[in-house]
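Please read the structure below before turning to the comments.
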Amino acid sequence: MKLSKIIKLIAFKSLVLVAACFMSCVDVLDIEDITNSDGNGLLVVEAILTDELKNQVVYLSRSDNRSDLERDTTFIPFLTPGLRPRDTVSVEEGAIIKLLDNEGREFAFTESRGGVYNSNEVFALQMGTTYQLDITTRDGNEYISKTMEIQGKAAIENVYTERAVSESGADGVAIFVDSQPIEGVTENYRYDYVETYKVIAPLWDNQEFKLTNYTLCPESEYTLEVVDREVQNRVCYNTIDSNTVIQTSTFNNTTDNIERFMVRFIEKDNFIITHRYSILVKQYVQSLESYTFYETLRKFSSSESLFSQIQPGELLANISRKDGNTEPVLGWFEAVSVAQQRIFFDFEDLFPEEELPDYPFNCQLLSVPERILWCPRGAPEQLRDGCPPGAIEGIVGNFYTYYAGDEPELAPNSTCPGPYVVTTNICGDCRLLGDNVEPEFWIE
(Lines give C-alpha, C1' and ligand atoms only; values in the text may rest on other atoms or scores of the structure.)
Protein backbone atom coordinates (compact mmCIF):
# COMPACT_ATOMS: atom_id res chain seq x y z
CA MET A 1 0.00 0.00 0.00
CA LYS A 2 1.45 3.39 -0.97
CA LEU A 3 2.34 5.70 1.92
CA SER A 4 0.64 8.63 0.18
CA LYS A 5 -2.65 6.71 0.40
CA ILE A 6 -2.15 6.13 4.12
CA ILE A 7 -1.61 9.86 4.69
CA LYS A 8 -4.96 10.59 3.01
CA LEU A 9 -6.56 7.84 5.07
CA ILE A 10 -5.20 9.38 8.29
CA ALA A 11 -6.70 12.74 7.34
CA PHE A 12 -10.06 11.12 6.63
CA LYS A 13 -10.01 9.28 9.96
CA SER A 14 -9.18 12.52 11.72
CA LEU A 15 -12.45 14.03 10.53
CA VAL A 16 -14.28 11.07 12.01
CA LEU A 17 -12.40 11.36 15.27
CA VAL A 18 -13.28 15.03 15.61
CA ALA A 19 -16.93 14.07 15.35
CA ALA A 20 -16.32 11.55 18.13
CA CYS A 21 -14.56 14.01 20.42
CA PHE A 22 -16.43 12.70 23.45
CA MET A 23 -13.85 9.90 23.50
CA SER A 24 -11.33 12.00 25.40
CA CYS A 25 -8.72 9.23 25.47
CA VAL A 26 -8.01 9.69 21.74
CA ASP A 27 -5.32 12.12 20.63
CA VAL A 28 -6.75 13.52 17.40
CA LEU A 29 -4.55 14.23 14.38
CA ASP A 30 -5.89 17.61 13.23
CA ILE A 31 -6.15 18.27 9.52
CA GLU A 32 -3.78 21.22 10.03
CA ASP A 33 -1.11 18.76 11.21
CA ILE A 34 -0.62 17.47 7.67
CA THR A 35 0.31 20.85 6.19
CA ASN A 36 3.54 22.83 6.49
CA SER A 37 3.97 26.45 7.52
CA ASP A 38 3.26 27.60 3.96
CA GLY A 39 -0.09 25.84 3.95
CA ASN A 40 1.14 23.17 1.54
CA GLY A 41 0.94 19.46 2.21
CA LEU A 42 3.83 17.84 4.03
CA LEU A 43 6.47 16.12 1.95
CA VAL A 44 5.88 12.37 1.71
CA VAL A 45 8.94 10.25 0.83
CA GLU A 46 8.70 6.62 -0.30
CA ALA A 47 12.16 5.16 -0.88
CA ILE A 48 12.80 1.45 -0.56
CA LEU A 49 16.31 0.98 -1.98
CA THR A 50 17.59 -2.57 -2.24
CA ASP A 51 20.51 -4.86 -2.99
CA GLU A 52 18.94 -5.72 -6.36
CA LEU A 53 20.96 -4.62 -9.37
CA LYS A 54 18.46 -2.27 -11.00
CA ASN A 55 17.39 1.34 -11.42
CA GLN A 56 16.33 2.29 -7.90
CA VAL A 57 13.14 4.35 -7.45
CA VAL A 58 12.05 7.14 -5.09
CA TYR A 59 8.47 8.46 -4.90
CA LEU A 60 7.68 12.00 -3.71
CA SER A 61 4.23 13.36 -2.99
CA ARG A 62 2.39 15.77 -0.68
CA SER A 63 -0.15 15.05 2.02
CA ASP A 64 -3.52 16.73 1.66
CA ASN A 65 -6.89 16.81 3.37
CA ARG A 66 -9.09 15.93 0.41
CA SER A 67 -11.63 13.28 1.32
CA ASP A 68 -11.99 11.77 -2.18
CA LEU A 69 -10.79 8.44 -0.85
CA GLU A 70 -13.24 6.46 -2.92
CA ARG A 71 -10.86 6.83 -5.88
CA ASP A 72 -7.82 5.52 -4.04
CA THR A 73 -6.48 1.99 -4.03
CA THR A 74 -6.98 1.81 -0.28
CA PHE A 75 -10.69 1.44 -1.00
CA ILE A 76 -10.52 -0.12 -4.48
CA PRO A 77 -8.18 -3.07 -3.87
CA PHE A 78 -8.35 -4.44 -7.41
CA LEU A 79 -6.53 -1.35 -8.70
CA THR A 80 -2.77 -1.53 -8.76
CA PRO A 81 -1.28 0.78 -6.12
CA GLY A 82 1.20 3.43 -7.17
CA LEU A 83 1.38 6.97 -8.40
CA ARG A 84 -0.63 7.03 -11.60
CA PRO A 85 -2.50 9.75 -13.50
CA ARG A 86 -5.87 8.40 -12.35
CA ASP A 87 -4.87 8.65 -8.68
CA THR A 88 -5.73 11.69 -6.62
CA VAL A 89 -2.31 11.84 -4.96
CA SER A 90 -0.63 15.26 -5.03
CA VAL A 91 2.75 14.39 -6.49
CA GLU A 92 5.90 16.41 -5.84
CA GLU A 93 7.53 17.33 -9.13
CA GLY A 94 10.78 19.06 -9.99
CA ALA A 95 12.89 17.78 -7.08
CA ILE A 96 16.60 16.97 -7.15
CA ILE A 97 17.43 13.62 -5.50
CA LYS A 98 20.73 11.90 -4.89
CA LEU A 99 21.91 8.99 -2.76
CA LEU A 100 25.16 9.40 -0.84
CA ASP A 101 27.26 6.61 0.68
CA ASN A 102 30.03 6.62 3.25
CA GLU A 103 32.66 5.95 0.57
CA GLY A 104 31.98 9.24 -1.16
CA ARG A 105 29.92 7.88 -4.04
CA GLU A 106 26.88 9.75 -5.29
CA PHE A 107 23.96 8.30 -7.27
CA ALA A 108 21.71 10.82 -9.02
CA PHE A 109 17.99 10.38 -9.75
CA THR A 110 15.91 11.87 -12.56
CA GLU A 111 12.13 12.35 -12.60
CA SER A 112 10.61 9.92 -15.12
CA ARG A 113 7.02 11.03 -14.54
CA GLY A 114 5.19 13.10 -11.96
CA GLY A 115 6.56 12.29 -8.52
CA VAL A 116 8.53 9.21 -9.68
CA TYR A 117 12.34 9.48 -9.64
CA ASN A 118 14.58 6.77 -11.13
CA SER A 119 18.30 6.44 -10.58
CA ASN A 120 20.37 7.45 -13.59
CA GLU A 121 22.36 4.24 -13.37
CA VAL A 122 21.79 0.66 -12.37
CA PHE A 123 23.25 -0.15 -8.95
CA ALA A 124 22.72 -2.35 -5.89
CA LEU A 125 23.14 -1.44 -2.23
CA GLN A 126 25.97 -3.26 -0.46
CA MET A 127 26.24 -4.81 2.99
CA GLY A 128 28.59 -2.83 5.23
CA THR A 129 27.95 0.46 3.41
CA THR A 130 25.84 3.24 4.87
CA TYR A 131 23.56 5.47 2.81
CA GLN A 132 21.79 8.83 3.06
CA LEU A 133 19.07 10.21 0.82
CA ASP A 134 19.47 13.87 -0.15
CA ILE A 135 16.42 15.75 -1.51
CA THR A 136 16.01 19.33 -2.71
CA THR A 137 12.41 20.22 -3.57
CA ARG A 138 11.46 22.67 -6.29
CA ASP A 139 10.78 25.37 -3.67
CA GLY A 140 14.45 25.16 -2.64
CA ASN A 141 14.01 23.33 0.67
CA GLU A 142 16.71 20.76 1.39
CA TYR A 143 16.18 17.47 3.22
CA ILE A 144 18.52 14.72 4.40
CA SER A 145 17.74 11.26 5.72
CA LYS A 146 19.20 9.40 8.64
CA THR A 147 22.04 7.04 7.81
CA MET A 148 20.66 3.65 6.84
CA GLU A 149 22.26 0.34 5.91
CA ILE A 150 21.29 -3.22 5.02
CA GLN A 151 20.88 -5.15 8.27
CA GLY A 152 21.15 -8.67 6.93
CA LYS A 153 20.31 -11.11 4.17
CA ALA A 154 18.04 -14.15 4.07
CA ALA A 155 17.11 -16.56 1.29
CA ILE A 156 13.61 -17.72 0.46
CA GLU A 157 13.82 -21.49 0.50
CA ASN A 158 10.28 -22.26 -0.55
CA VAL A 159 6.97 -20.66 -1.51
CA TYR A 160 4.13 -23.15 -1.57
CA THR A 161 0.36 -23.54 -1.43
CA GLU A 162 -2.04 -25.58 0.65
CA ARG A 163 -5.78 -25.86 0.72
CA ALA A 164 -6.86 -24.26 4.00
CA VAL A 165 -9.69 -22.73 5.97
CA SER A 166 -9.35 -19.09 7.05
CA GLU A 167 -10.04 -17.80 10.56
CA SER A 168 -13.47 -16.69 9.33
CA GLY A 169 -14.23 -20.21 8.12
CA ALA A 170 -13.75 -19.62 4.38
CA ASP A 171 -12.41 -22.43 2.20
CA GLY A 172 -9.48 -21.40 0.04
CA VAL A 173 -5.78 -21.58 -0.69
CA ALA A 174 -3.04 -20.39 1.68
CA ILE A 175 0.34 -19.30 0.30
CA PHE A 176 3.26 -19.88 2.67
CA VAL A 177 6.93 -18.94 2.68
CA ASP A 178 9.96 -20.57 4.34
CA SER A 179 13.16 -18.57 4.72
CA GLN A 180 16.75 -19.18 5.88
CA PRO A 181 19.18 -16.48 7.21
CA ILE A 182 22.40 -15.90 5.27
CA GLU A 183 24.28 -13.14 7.10
CA GLY A 184 23.85 -10.17 9.39
CA VAL A 185 20.87 -9.40 11.62
CA THR A 186 17.77 -11.14 10.23
CA GLU A 187 15.08 -10.77 12.89
CA ASN A 188 12.59 -8.51 11.12
CA TYR A 189 10.92 -9.25 7.81
CA ARG A 190 8.45 -7.54 5.54
CA TYR A 191 6.76 -9.16 2.55
CA ASP A 192 4.90 -7.99 -0.49
CA TYR A 193 3.81 -9.78 -3.61
CA VAL A 194 2.82 -9.33 -7.23
CA GLU A 195 0.09 -11.66 -8.44
CA THR A 196 -0.75 -12.39 -12.06
CA TYR A 197 -3.74 -14.40 -13.20
CA LYS A 198 -5.21 -15.59 -16.47
CA VAL A 199 -8.54 -14.20 -17.68
CA ILE A 200 -10.57 -16.02 -20.34
CA ALA A 201 -13.56 -14.19 -21.84
CA PRO A 202 -16.46 -16.66 -21.41
CA LEU A 203 -18.50 -15.50 -24.45
CA TRP A 204 -15.73 -14.87 -26.96
CA ASP A 205 -15.98 -15.48 -30.70
CA ASN A 206 -13.26 -15.46 -33.33
CA GLN A 207 -15.21 -12.97 -35.44
CA GLU A 208 -16.12 -9.36 -34.79
CA PHE A 209 -18.18 -6.47 -36.13
CA LYS A 210 -16.58 -4.01 -38.53
CA LEU A 211 -18.53 -0.76 -38.92
CA THR A 212 -17.47 1.70 -41.63
CA ASN A 213 -18.93 4.70 -43.46
CA TYR A 214 -21.12 5.41 -40.46
CA THR A 215 -23.19 8.57 -40.17
CA LEU A 216 -26.08 8.92 -37.73
CA CYS A 217 -27.98 11.85 -39.19
CA PRO A 218 -29.23 13.03 -41.55
CA GLU A 219 -28.19 10.25 -43.97
CA SER A 220 -28.18 7.32 -41.50
CA GLU A 221 -25.66 5.46 -43.61
CA TYR A 222 -23.25 2.71 -42.66
CA THR A 223 -21.57 -0.49 -43.79
CA LEU A 224 -21.66 -3.36 -41.30
CA GLU A 225 -19.58 -6.50 -41.78
CA VAL A 226 -18.64 -9.52 -39.68
CA VAL A 227 -14.94 -10.26 -40.13
CA ASP A 228 -12.25 -12.41 -38.57
CA ARG A 229 -10.72 -10.85 -35.47
CA GLU A 230 -7.43 -9.04 -36.05
CA VAL A 231 -6.48 -8.93 -32.36
CA GLN A 232 -6.44 -11.80 -29.87
CA ASN A 233 -8.78 -10.82 -27.06
CA ARG A 234 -9.93 -14.13 -25.58
CA VAL A 235 -7.05 -14.77 -23.14
CA CYS A 236 -5.55 -11.98 -21.03
CA TYR A 237 -3.36 -11.61 -17.97
CA ASN A 238 -3.91 -9.18 -15.13
CA THR A 239 -1.19 -8.19 -12.67
CA ILE A 240 -1.85 -6.67 -9.25
CA ASP A 241 0.55 -5.54 -6.52
CA SER A 242 -0.19 -6.24 -2.87
CA ASN A 243 -1.55 -3.25 -0.98
CA THR A 244 -1.19 -4.28 2.67
CA VAL A 245 1.66 -4.32 5.17
CA ILE A 246 2.78 -7.94 5.77
CA GLN A 247 5.42 -8.41 8.47
CA THR A 248 6.81 -10.99 10.85
CA SER A 249 9.61 -11.11 13.41
CA THR A 250 11.73 -13.90 14.85
CA PHE A 251 12.67 -11.84 17.92
CA ASN A 252 11.36 -14.38 20.45
CA ASN A 253 12.20 -17.46 18.39
CA THR A 254 15.10 -19.80 18.98
CA THR A 255 16.26 -19.28 15.37
CA ASP A 256 15.82 -16.65 12.69
CA ASN A 257 14.31 -19.18 10.29
CA ILE A 258 10.89 -18.34 8.84
CA GLU A 259 8.65 -21.42 8.63
CA ARG A 260 5.13 -21.61 7.22
CA PHE A 261 4.52 -17.87 7.28
CA MET A 262 1.33 -17.14 5.36
CA VAL A 263 1.68 -14.18 3.01
CA ARG A 264 -1.63 -14.59 1.18
CA PHE A 265 -4.99 -16.32 1.54
CA ILE A 266 -7.38 -16.53 -1.41
CA GLU A 267 -10.93 -17.77 -0.98
CA LYS A 268 -11.96 -20.64 -3.26
CA ASP A 269 -14.65 -18.60 -5.01
CA ASN A 270 -12.28 -15.75 -5.91
CA PHE A 271 -12.29 -15.27 -9.68
CA ILE A 272 -8.52 -14.69 -9.86
CA ILE A 273 -7.73 -18.40 -9.39
CA THR A 274 -10.30 -19.65 -11.92
CA HIS A 275 -7.73 -20.67 -14.55
CA ARG A 276 -4.02 -20.19 -13.84
CA TYR A 277 -2.51 -18.03 -11.13
CA SER A 278 1.03 -16.90 -10.32
CA ILE A 279 2.46 -15.05 -7.35
CA LEU A 280 5.89 -13.45 -6.97
CA VAL A 281 6.69 -13.19 -3.26
CA LYS A 282 9.30 -10.63 -2.20
CA GLN A 283 11.02 -10.71 1.19
CA TYR A 284 12.75 -7.69 2.76
CA VAL A 285 15.08 -7.97 5.78
CA GLN A 286 14.40 -4.85 7.84
CA SER A 287 15.98 -2.89 10.64
CA LEU A 288 14.03 -2.71 13.90
CA GLU A 289 13.37 0.97 13.17
CA SER A 290 11.87 0.17 9.77
CA TYR A 291 9.86 -2.72 11.17
CA THR A 292 8.38 -0.43 13.83
CA PHE A 293 7.50 2.24 11.25
CA TYR A 294 5.63 -0.20 9.01
CA GLU A 295 3.85 -1.79 11.95
CA THR A 296 2.57 1.65 12.94
CA LEU A 297 1.60 2.28 9.33
CA ARG A 298 -0.36 -0.97 9.27
CA LYS A 299 -2.26 -0.04 12.42
CA PHE A 300 -3.09 3.39 11.04
CA SER A 301 -4.45 1.88 7.84
CA SER A 302 -6.68 -0.71 9.50
CA SER A 303 -10.27 0.18 10.30
CA GLU A 304 -10.15 -1.46 13.71
CA SER A 305 -7.49 1.03 14.82
CA LEU A 306 -9.70 4.05 14.14
CA PHE A 307 -9.96 4.91 17.84
CA SER A 308 -6.54 3.61 18.89
CA GLN A 309 -3.87 5.24 21.03
CA ILE A 310 -1.38 5.63 18.15
CA GLN A 311 0.20 9.06 18.20
CA PRO A 312 0.55 11.02 14.91
CA GLY A 313 4.24 11.66 15.56
CA GLU A 314 4.98 7.96 15.22
CA LEU A 315 4.52 8.21 11.46
CA LEU A 316 7.13 10.89 10.91
CA ALA A 317 9.88 9.98 8.45
CA ASN A 318 13.56 9.35 9.12
CA ILE A 319 14.13 12.48 6.99
CA SER A 320 14.40 16.10 8.13
CA ARG A 321 15.17 19.61 6.89
CA LYS A 322 18.87 20.43 6.58
CA ASP A 323 18.37 23.95 7.93
CA GLY A 324 17.00 22.72 11.27
CA ASN A 325 13.41 23.71 10.48
CA THR A 326 11.09 21.45 12.48
CA GLU A 327 8.72 20.90 9.56
CA PRO A 328 7.54 17.28 9.77
CA VAL A 329 8.26 14.92 6.89
CA LEU A 330 6.18 11.81 6.28
CA GLY A 331 7.16 8.50 4.77
CA TRP A 332 10.34 6.45 5.00
CA PHE A 333 13.77 5.81 3.51
CA GLU A 334 14.85 2.18 3.80
CA ALA A 335 17.92 0.17 2.78
CA VAL A 336 17.04 -3.52 2.56
CA SER A 337 18.09 -6.84 1.10
CA VAL A 338 15.55 -8.62 -1.09
CA ALA A 339 14.85 -12.26 -1.90
CA GLN A 340 12.06 -13.40 -4.17
CA GLN A 341 10.44 -16.52 -5.59
CA ARG A 342 7.59 -17.14 -8.01
CA ILE A 343 5.14 -20.05 -8.13
CA PHE A 344 2.22 -21.04 -10.39
CA PHE A 345 -0.85 -23.14 -9.78
CA ASP A 346 -4.13 -24.07 -11.46
CA PHE A 347 -7.49 -24.25 -9.73
CA GLU A 348 -7.72 -28.02 -10.16
CA ASP A 349 -4.34 -28.47 -8.44
CA LEU A 350 -6.00 -27.59 -5.14
CA PHE A 351 -9.69 -28.17 -5.86
CA PRO A 352 -9.83 -31.18 -8.21
CA GLU A 353 -13.18 -31.86 -9.87
CA GLU A 354 -14.79 -28.88 -8.11
CA GLU A 355 -16.79 -26.13 -9.79
CA LEU A 356 -14.78 -23.18 -11.03
CA PRO A 357 -15.37 -19.75 -9.44
CA ASP A 358 -17.95 -17.60 -11.19
CA TYR A 359 -16.92 -14.96 -13.69
CA PRO A 360 -17.15 -11.59 -11.89
CA PHE A 361 -19.91 -10.35 -14.22
CA ASN A 362 -23.29 -11.78 -15.17
CA CYS A 363 -22.72 -12.72 -18.81
CA GLN A 364 -25.65 -13.26 -21.12
CA LEU A 365 -26.33 -13.52 -24.83
CA LEU A 366 -28.77 -11.14 -26.47
CA SER A 367 -30.38 -11.34 -29.90
CA VAL A 368 -30.73 -7.82 -31.33
CA PRO A 369 -31.89 -6.06 -34.51
CA GLU A 370 -29.29 -4.47 -36.71
CA ARG A 371 -30.45 -1.00 -35.80
CA ILE A 372 -33.07 0.65 -33.57
CA LEU A 373 -32.44 4.39 -33.66
CA TRP A 374 -33.24 6.06 -36.98
CA CYS A 375 -33.57 9.69 -37.97
CA PRO A 376 -35.39 11.84 -37.06
CA ARG A 377 -33.93 11.76 -33.61
CA GLY A 378 -35.99 10.54 -30.73
CA ALA A 379 -36.91 7.20 -29.25
CA PRO A 380 -39.09 5.22 -31.66
CA GLU A 381 -41.94 3.04 -30.47
CA GLN A 382 -39.75 -0.02 -30.75
CA LEU A 383 -37.20 1.33 -28.23
CA ARG A 384 -39.89 2.56 -25.87
CA ASP A 385 -41.45 -0.90 -25.94
CA GLY A 386 -38.39 -2.36 -24.20
CA CYS A 387 -36.12 -3.25 -27.08
CA PRO A 388 -32.41 -3.02 -26.27
CA PRO A 389 -30.11 -0.98 -28.48
CA GLY A 390 -29.44 -2.58 -31.85
CA ALA A 391 -26.10 -3.85 -33.09
CA ILE A 392 -25.19 -0.48 -34.61
CA GLU A 393 -25.92 1.43 -31.39
CA GLY A 394 -23.98 -1.14 -29.40
CA ILE A 395 -20.96 -0.90 -31.67
CA VAL A 396 -20.96 2.91 -31.65
CA GLY A 397 -21.44 2.97 -27.89
CA ASN A 398 -18.71 0.32 -27.47
CA PHE A 399 -20.75 -1.96 -25.23
CA TYR A 400 -21.57 -4.88 -27.57
CA THR A 401 -19.25 -7.50 -28.96
CA TYR A 402 -20.18 -10.02 -31.65
CA TYR A 403 -20.98 -13.61 -30.71
CA ALA A 404 -23.06 -15.18 -33.52
CA GLY A 405 -25.16 -14.43 -36.58
CA ASP A 406 -28.84 -15.09 -37.06
CA GLU A 407 -29.23 -17.71 -34.31
CA PRO A 408 -31.94 -16.34 -31.98
CA GLU A 409 -32.23 -19.73 -30.26
CA LEU A 410 -28.95 -18.88 -28.50
CA ALA A 411 -30.77 -16.06 -26.69
CA PRO A 412 -34.39 -17.23 -26.34
CA ASN A 413 -35.30 -14.58 -23.78
CA SER A 414 -34.48 -11.62 -25.99
CA THR A 415 -37.36 -9.11 -26.23
CA CYS A 416 -36.64 -7.99 -29.80
CA PRO A 417 -34.75 -10.75 -31.66
CA GLY A 418 -32.73 -9.79 -34.67
CA PRO A 419 -30.05 -11.03 -37.03
CA TYR A 420 -27.18 -10.80 -34.52
CA VAL A 421 -26.38 -12.42 -31.17
CA VAL A 422 -24.19 -10.19 -29.01
CA THR A 423 -22.87 -9.94 -25.50
CA THR A 424 -21.44 -7.13 -23.40
CA ASN A 425 -17.79 -6.27 -24.01
CA ILE A 426 -16.74 -7.36 -20.52
CA CYS A 427 -17.92 -10.91 -21.38
CA GLY A 428 -16.52 -11.14 -24.89
CA ASP A 429 -13.30 -9.13 -24.69
CA CYS A 430 -10.75 -10.00 -22.01
CA ARG A 431 -8.86 -6.73 -22.51
CA LEU A 432 -11.26 -4.99 -20.14
CA LEU A 433 -9.82 -7.13 -17.35
CA GLY A 434 -6.19 -7.50 -18.35
CA ASP A 435 -3.48 -7.37 -21.00
CA ASN A 436 -3.75 -9.65 -24.03
CA VAL A 437 0.05 -10.05 -24.24
CA GLU A 438 1.38 -13.04 -22.32
CA PRO A 439 3.99 -11.97 -19.70
CA GLU A 440 7.57 -13.08 -20.42
CA PHE A 441 7.70 -15.04 -17.16
CA TRP A 442 4.48 -16.95 -17.79
CA ILE A 443 4.66 -20.76 -17.81
CA GLU A 444 1.74 -23.05 -18.64
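In this chain, numbering begins with 1 at the start of the sequence shown. Keep in mind that what you see is a predicted model, and the values were worked out from it rather than measured.
The aromatic ring centres of Tyr359 and Phe271 sit less than 6.0 Å apart. Ring-centre distance between Phe209 and Tyr420: below the 6.0 Å cut-off.
Side-chain contact check for Thr239 and Thr196: at least one donor-acceptor pair (N or O, by modelled atom type) lies under 3.5 Å. The closest side-chain donor-acceptor pair between Glu289 and Ser287, if any, does not fall under 3.5 angstrom. In summary, the side chains of Ser242 and Thr244 do not present any donor paired with an acceptor at a separation below 3.5 Å, with no hydrogens or angles considered. In summary, the side chains of Tyr143 and Glu327 do present a donor paired with an acceptor at a separation below 3.5 Å, with no hydrogens or angles considered. Defined by atom type and a distance below 3.5 Å, a donor-acceptor pair is present between the side-chain atoms of Tyr277 and Glu195. Judged purely by distance below 3.5 Å, without hydrogens or angles, the side chains of Asn425 and Asn398 pair a donor atom with an acceptor atom. For the residue pair Trp442 and Ser278, no side-chain donor N or O sits within less than 3.5 Å of a side-chain acceptor on the partner. At a cut-off of 3.5 Å, with distance as the only test, a side-chain donor of Ser179 or Gln283 sits close to an acceptor on the other residue. For the residue pair Thr250 and Asp256, a side-chain donor N or O sits within less than 3.5 Å of a side-chain acceptor on the partner. Counted by atom type alone, Tyr284 and Asp192 present one or more donor-acceptor pairs between their side chains at under 3.5 Å.
Judged by distance alone, with hydrogens and angles left aside, the side-chain atoms of Gln132 form a donor-acceptor pair with the main-chain N or O of Ser145 at under 3.5 Å.
Cation-pi geometry between Arg276 and Phe345 is not satisfied (NZ or CZ under 6.0 Å from the ring centre, within 45° of the ring normal).
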Margin query: Test ring pair (Phe, Tyr, Trp, His ring centres under 6.0 Å) on Phe107 and Phe123; report intermediate values, then the result.
Written below: CA-CA 9 Å; Phe107 304 92; Phe123 68 94; 4.1 Å; yes

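Partner of Arg229 under the side-chain hydrogen bond (donor to acceptor under 3.5 Å, both in side chains) criterion, out of Thr401, Asn206, Asp429, Asp205: Thr401 alone.
The number of heavy atoms from other shown groups lying within 6.0 Å of CD (Glu444) is above 12.
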